[in-house]
*Asks:* 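Here's a structure for you.
Every chain is numbered from 1 and lettered A, B, ... according to where its sequence line falls, protein lines coming before strand lines.
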There are 2 protein chains.
Amino acid sequence: MTSLRDVAERAQVAISTVSAALNGTRPVAAETKRRIELAAAELGYRPNLLARGLVSKRTRILALLYPTPHSGFGLTEMQFATGAAEAAGEQGYHLLLSPENADPVEELRYLTGLGLIDGVLLMEVRLDDERTEFLMEAGIPFSMIGRTRNPEAISYADIDFTQTAQNAVAHVAALGHRKLAFFNHSPDAYSAQYGPTIRTGEEFAAATRRAGVEYVGDFCADSAEEGREAFDRLVAEHPDVTALAVISDPAAVGVIAAAAARGWRIPQDLTLILVLSSARVAEMFHPRLTTLEPPSGELGRLGARMLIDRLQADGDDPPQQRLVPCRLVVGDSSGPPPAPGERDDRTIDRTGT
Amino acid sequence: MTSLRDVAERAQVAISTVSAALNGTRPVAAETKRRIELAAAELGYRPNLLARGLVSKRTRILALLYPTPHSGFGLTEMQFATGAAEAAGEQGYHLLLSPENADPVEELRYLTGLGLIDGVLLMEVRLDDERTEFLMEAGIPFSMIGRTRNPEAISYADIDFTQTAQNAVAHVAALGHRKLAFFNHSPDAYSAQYGPTIRTGEEFAAATRRAGVEYVGDFCADSAEEGREAFDRLVAEHPDVTALAVISDPAAVGVIAAAAARGWRIPQDLTLILVLSSARVAEMFHPRLTTLEPPSGELGRLGARMLIDRLQADGDDPPQQRLVPCRLVVGDSSGPPPAPGERDDRTIDRTGT
DNA sequence: TTGAAAGCGCTAACAG
DNA sequence: CTGTTAGCGCTTTCAA
């Protein structure tokens, strides 16, 4: 490992001069600088981050904290991580992957006590998240992918649920639908605190109201079986529903099966859209589902960038907050609603076809 | 940030004694040790990793290198990463996520030059991988998830393709199938060098041979469209095929559509299995596909553990090499083959049903 | 414009 | 058994 000293010797200058020349921290004569740069290049010099960090207190390492997620990791989470890693890399930062154990705050205390990281990127943020309180109190720079209930003072990048719901409703309304149902996650201990679950539900309600579209929002389903059941109940209670948005991929599988069992075709008899799911998943379905794809990679990038900005800004400028809507990817599951009464006669049992 | 010095002062001993007591690097009187530990606990002391690393040359940080993958990141890759991060965490190590840019070797040279990391975990290893050569020459400890063509001297964790293919063939043969087709990735510039693509193909060929099952291996498909075409050609050329294994998820979508268009039911008329795909993906299909699920998380864990073992072992013990077969998850797409001639008559065009 | 020197927090000889 | 000392490689005063 070649060090500053080696370079200094080769260029016949003092160590501090080399440091200055390479970092531009103070003026260095052009000729001297040239010699130094040459020497450094010849020796393949790389600054030692540990030494630098030890004195400067800045390591250019960010930690990405993620709870071992409740329902296994999806593409979405991966894209947060890779997006963040990329953005960090572009700015000369590194990303440390930190799985959280049972006690996230303890984990954070440990991690930040190491002196290894400059800041923290929080994933899977809940409406009330104890991690944010710890970080605020400890004065550790951080930003969130997602947001708490009251994120005023904190930088975050999150999905623009308002706009997303509005786009979805507009899409459906433009096709002529007058009544939309939404299958949310079931409000278990986790979802009850999980932003996307809560916010999507609320915003769908609001967006349909604004658009004058009738709304059915009190169903939930997380598995194929639940999707199937919910769908059957939905049709029983609301036979005039023509459009359905589903947040859980497995639930959509059940819905499709239940619809088929009823003899309903998609999209002729039912418009089905997937919410917060990647287009890659939507393509696994037949027909290819219309989907509202979360901008995961971008959120990761934004989160990292905000954090880095905050680290670079010596003073404390106001927190950055960015909301990005999902991308509406129209598949083959969106269509105009059936004419009234048109589909009721097709209740043949096709099981086994 | 409380330092060793603070602890030393509070416990009324020398700094080196504190270090020794806390690390057990040399005998310390029980009473002294107790005092030191108390002081450390009271002050909430955490060793500074940078300082420690600077002198000990060991940071307990591993880098996970991943090329920006050719077809977007899948669940599989994420699971490598999280598995590795977990295993690392358990051993007191940290995982740095390092996206590779255009020039992976240059990236590696930079990364390792930083003095920040103790070792490297390689993902997406190709049969000839220039990164391994660099690392070997540079003497940097590393291990691979996947393996090169001749990985003799290197530690790795990879899928046991032989066993995986054998299990798949056994499954199909036990159901009574006598002829199996396999749709591989198309041999583009990437796949031509990519281990799983090559090895899965080879091992399917070998396993069918051993099992006395007829084999069709010269088809490939990476998209739904290609899957559809390949399937039509397959049936034209081999009307007696009753079982099909597909490596690409989107291709399976095409196969299912093409089969349905032909009036073939799954599994009655065709047994379809997904190779190297997660059960979560397989569940998106209808019927739920039988799948050979790669042990991604475990491979990540193993890779990390091997690397750490190698770092801990001062001497150089032989490289560890582990092969883990995919898990066969039987879904609703496996069944006995149709009786000869049984399905030929159903070639009604059902498009629009 | 440059050099010398101090010190970041820690480990590892070496004395005592 | 414990304290003193010398660095690890770097940044950063402070003098020259």
*Asks:* Does A/R301 come within less than 4.0 Å of A/E298, counting only side-chain N to carboxylate O?
*Replies:*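 No, A/R301 and A/E298 are not salt-bridged.
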*Asks:* Kindly indicate, with the supporting measurements, whether the criterion side-chain contact (heavy atoms from CB on, under 4.5 Å) is fulfilled by A/S98 and A/L111.
*Replies:* CA-CA 9 Å; A/S98 288; A/L111 195 64; 3.5 Å; yes
*Asks:* Side-chain contact test, heavy atoms from C-beta onward, threshold under 4.5 Å: evaluate it for B/R149 versus B/R126 and give yes or no.
*Replies:* no
*Asks:* For the side chain of B/E86 and the backbone of A/P99, is there at least one donor-acceptor N/O pair under 3.5 Å apart?
*Replies:* no
*Asks:* Produce a footprint string for nucleotides 9-16 of chain D: one letter per nucleotide, 5' end first; B if the base is under 4.0 Å from any protein heavy atom, S if only the sugar-phosphate is, - if neither.
*Replies:* BBBBBB--
*Asks:* Considering all heavy atoms of both residues, which atom of A/I36 and which atom of A/A21 are nearest to each other, and what is their separation?
*Replies:* CD1-CB, 3.6 Å
*Asks:* If you measure from CE on B/M136 to CD1 on B/I154, what distance do you get to the nearest 0.5 Å?
*Replies:* 5.0 Å
*Asks:* Where does the chain A footprint on DNA chain C start and end, counting 5' to 3' with a 4.0 Å heavy-atom cut-off?
*Replies:* C/dT1 to C/dG9
*Asks:* Would you call A/L97 and B/L97 a side-chain contact if the rule is heavy atoms closer than 4.5 Å?
*Replies:*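 A side-chain contact exists here, since the closest heavy-atom pair is under 4.5 Å.
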*Asks:* So what is the end-to-end bend of the helix from C/dT1-D/dA16 to C/dG16-D/dC1, with 5 pairs used at each end and the value given to 10 degrees?
*Replies:*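 Taking the rotation axis at each end, their angle is 40°.
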*Asks:* Can A/E100 and A/R131 be said to form a salt bridge (Lys or Arg N to Asp or Glu O under 4.0 Å), step by step?
*Replies:* CA-CA 11 Å; A/E100 282 175 351; A/R131 299 174 299 174; 2.9 Å; yes
*Asks:* Any heavy-atom pair between the side chains of B/V18 and B/Y45 that's under 4.5 Å?
*Replies:*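 No, their side chains stay 4.5 Å or more apart.
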*Asks:* Consider side chain to side chain contact (heavy atoms under 4.5 Å, CB included). Of B/L108, B/L121, B/L96, which one does B/L65 pass it with?
*Replies:*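 The single option meeting the side chain to side chain contact (heavy atoms under 4.5 Å, CB included) with B/L65 is B/L108.
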